[in-house]
**Q** 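Have a look at this one before I ask anything.
Sequential numbering from 1 along the given sequence is applied to the chain's residues.
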Amino acid sequence: MSCEILKDRIQKVLFSADVLHARIRELGREIARDYGTAHTAKARPPILVCVLHGAMIFMSDLMREIPIELEYDFICVSSYQDGTSPGAVRLIKDLDRPIEGRDVLIVEDIIDTGYTLHYLKRTLAARNPASLNFCTLIDKVIRREIPVDIDYVGFVLNQDEFIVGYGMDYAELYRNLPYIGVLKEDYL
Ligand code: PRP
């Protein structure tokens, strides 16, 4: 299936590849400035944590715009979809390495209700990192159900539209689109 076929399923592009990359470059500079000079565990580089699966593409572009020493790791969480426990999140894959005493930056593609971030904050803060911060490409504030603090935000989205692309999926498809768009209703 080529990207041209996928493109026909998109009703509008919200963030083009160029717009995404320009903003990610800015975010990378900001993060490099903050962690390169002021991070708390100076002896060791910060650890970027990619929240699988959606954040993979964002994180791989973002870290190449952060020209300082860094390490990275992966975590995978999932929300329960059965409707019986709204807001409940479970751990699918944990980090490979300890984070105690380390500066940790969690990288997300999108913050929606806020429950995932809330879970990650509670779970990872208990491991006593030196610092724990959050970065998201998209902050979908209109869907927030629990207040969360986000340290680095690519774009704020005030519309409640179902977006796909650049790592974000519908039924696991469309993650490989190089931009973020809204799916036509026929394909939802
Ligand atoms: C998305 C996104 C966040 C989460 C945010 O993941 O990557 O992890 O939803 O939603 P919340 O703020 O309502 O908790 P998703 O569950 O779609 O899985 P994926 O990353 O594998 O696509």
**Q** Ring-plane angle category for His21 and Tyr166, please: parallel below 30°, perpendicular beyond 60°, tilted otherwise.
**A** perpendicular

**Q** Can we say Lys140 and Asp160 salt-bridge, meaning some charged N sits less than 4.0 Å from an Asp/Glu carboxylate O?
**A** yes

**Q** My understanding is that only residues two or more places apart in sequence, or in another chain, count here; which of them pass salt bridge (Lys or Arg N to Asp or Glu O under 4.0 Å) with Lys184?
**A** none

**Q** Ignoring hydrogens, what is the shortest heavy-atom contact between Arg97 and Tyr72? Give both atom names and the distance.
**A** NH2-O, 3.2 Å

**Q** With Cys135 as reference, evaluate Asp151, Ile31, Val49 under the side-chain contact (heavy atoms from CB on, under 4.5 Å) test and give the passing residue.
**A** Ile31

**Q** Write down the atom of Pro45, the atom of Glu69, and the distance for their closest heavy-atom approach.
**A** CB-O, 3.4 Å

**Q** Hydrophobic clustering (ILVMFWY, side-chain heavy atoms < 4.5 Å, transitive) - are Leu91 and Val51 grouped together?
**A** yes

**Q** Might you point out which heavy atoms bring Tyr115 and Val89 nearest each other, and give the distance in Å?
**A** O-CG2, 3.8 Å

**Q** Measure across His118 and Val148 and return the closest heavy-atom pair with its distance rounded to 0.1 Å.
**A** N-CG1, 4.4 Å

**Q** How many angstroms lie between atom CG of Asp96 and atom CD of Glu71, to the nearest 0.5 angstrom?
**A** 12.0 Å

**Q** Does the pair Asp109/Arg175 count as a salt bridge with the N-to-O cut at 4.0 Å?
**A** no

**Q** Looking at every heavy atom in both Ile111 and Ile150, which two are closest together, and how far apart are they?
**A** CG1-CD1, 3.9 Å

**Q** Apply side chain to side chain contact (heavy atoms under 4.5 Å, CB included) to Ala88 and list each qualifying residue two or more places apart in sequence or on a separate chain.
**A** Tyr80, Ser85

**Q** Do you know the tightest heavy-atom contact between Ala55 and Val107?
**A** CB-O, 3.3 Å

**Q** For Arg23, enumerate each residue passing the side chain to side chain contact (heavy atoms under 4.5 Å, CB included) test, keeping only those at least two apart in sequence or located in another chain.
**A** Glu26, Leu27, Phe155

**Q** Only one of Tyr170, Tyr187, Tyr174 clears side chain to side chain donor-acceptor pair (under 3.5 Å) with Arg9; which?
**A** Tyr174

